[in-house]
Amino acid sequence: MSGLATPLLFSFRRCPYAIRARLAIASAQVAVQVREVALRDKPPDMLAISPKGTVPVLQLADGQVLEESIDIMFWALRQNDPQSWLRESTADASLAQGWVDLCDTQFKPLLDRYKYANRHPQLTQVEHRQQAIDAFLSPLDAWLGERRYLTGDMSCWADAAVFPFVRQFAMVEPAWFAQAAWPDLHRWLGAWLQGDLFHRVMVRQEDGASTWS
């Protein structure tokens with residue numbers, strides 16, 4: 001498949017990797033075609049361009065394929081960045097990348113063990129939860145106690161990249177999470193959850209619809 005009039009995004013509505021990609025595309029106001037993927041019945045045309053079979057996958061108009069969510073975020077924001085998500089200084093860029101790396105390499109595996117604790121019986125769900133808290137959420141709450149967002153007073157690409165995974169953690173035990181003593185983490189998460197951008201990217205699209213432009 002090549003020669004597309006508009007880039008084609010294979011997505012899954014609830015996937016945190018896909019959410020972060022859609023947030024950046026929506027922020028950049030870049031038009032894409034959206035194909036909602038059923039993870040148990042992955043479309044052959046997606047597997048033909050990305051055999052690993054995970055979302056998001058973006059096929060550009062020239063046929064180039066982007067298979068990583070962060071690459072899709074940067075592709076969109078480098079075309080248009082009206083919210084200045086890529087504005088940060090070299091020091092801020094290092095901070096942003098550090099939080100995303102910590103989220104993806106340490107927090108995400110612990111989150112999966114907490115979410116699917118029955119698959120990891122070596123620890124209880126509470127113990128898996130505590131590991132995720134110690135590795136990421138407690139440090140994040142403390143960090144946000146001194147700034148509104150990860151690199152200062154305005155959100156950046158890293159906030160959008162991390163937010164969907166914290167949201168997923170909060171959804172495992174919503175009542176427990178709601179009473180957890182993380183005032184600054186709750187404030188930050190709530191701002192994203194209540195934002196128009198998040199609501200727009202969570203609207204289910206008709207297959208092939210061009211959206212967010």
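Quick caveat: nothing in here was measured; it's all calculated off a predicted structure.
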Colleague: Does W157 reach the side chain of Q97, with side-chain heavy atoms less than 4.5 Å apart?
Modeller: yes
Colleague: Return the orientation label for the W99 and W143 ring planes: parallel under 30°, perpendicular over 60°, tilted otherwise.
Modeller: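 Ring orientation of W99 relative to W143: tilted.
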Colleague: What are the two closest non-hydrogen atoms of R167 and F198, and how far apart are they?
Modeller: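 It is NE-CZ, 3.3 Å.
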Colleague: Give the minimum heavy-atom separation between E127 and T124, together with the two atoms involved.
Modeller: OE1-N, 2.8 Å
Colleague: So if I apply the side-chain hydrogen bond (donor to acceptor under 3.5 Å, both in side chains) rule between Y114 and each of Q130, E173, R129, which one comes out positive?
Modeller: E173
Colleague: Anything under 30° is parallel, anything over 60° is perpendicular, the rest tilted; go ahead and classify F169 against W176.
Modeller: perpendicular
Colleague: So, T6 and Q33: side-chain donor and acceptor under 3.5 Å apart, yes or no?
Modeller: no
Colleague: Decide yes or no on side-chain contact (heavy atoms from CB on, under 4.5 Å) for L189 and F163, but give the supporting numbers first.
Modeller: CA-CA 7 Å; L189 179 63; F163 150 67; 3.6 Å; yes
Colleague: Is there a side-chain contact (heavy atoms from CB on, under 4.5 Å) between F136 and L111? Walk through the geometry before answering.
Modeller: CA-CA 10 Å; F136 191 74; L111 167 59; over 6 Å; no
Colleague: Does a side-chain N-to-carboxylate-O contact under 4.0 Å join E36 and R13?
Modeller: no
Colleague: Got a second to check how far Q131's CD is from Q106's CD, nearest 0.5 Å?
Modeller: 11.0 Å
Colleague: Would you call V166 and W192 a side-chain contact if the rule is heavy atoms closer than 4.5 Å?
Modeller: no
Colleague: Please evaluate residues D159 and W85 with respect to the criterion side-chain contact (heavy atoms from CB on, under 4.5 Å), reporting the C-alpha separation (whole Å), side-chain torsions for both, the decisive distance (0.1 Å), and the verdict.
Modeller: CA-CA 9 Å; D159 294 276; W85 279 7; over 6 Å; no
Colleague: Under a 4.5 Å cut-off applied to non-hydrogen side-chain atoms, are I70 and R20 in contact?
Modeller: yes
Colleague: Of the options L9, V201, L77, which is the one that meets I25 in a side-chain contact (heavy atoms from CB on, under 4.5 Å)?
Modeller: L9
Colleague: Locate the shortest heavy-atom distance separating P82 from S27; write the atom from each residue and the value.
Modeller: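 Closest approach of P82 to S27, heavy atoms only: CG-O, 3.0 Å.
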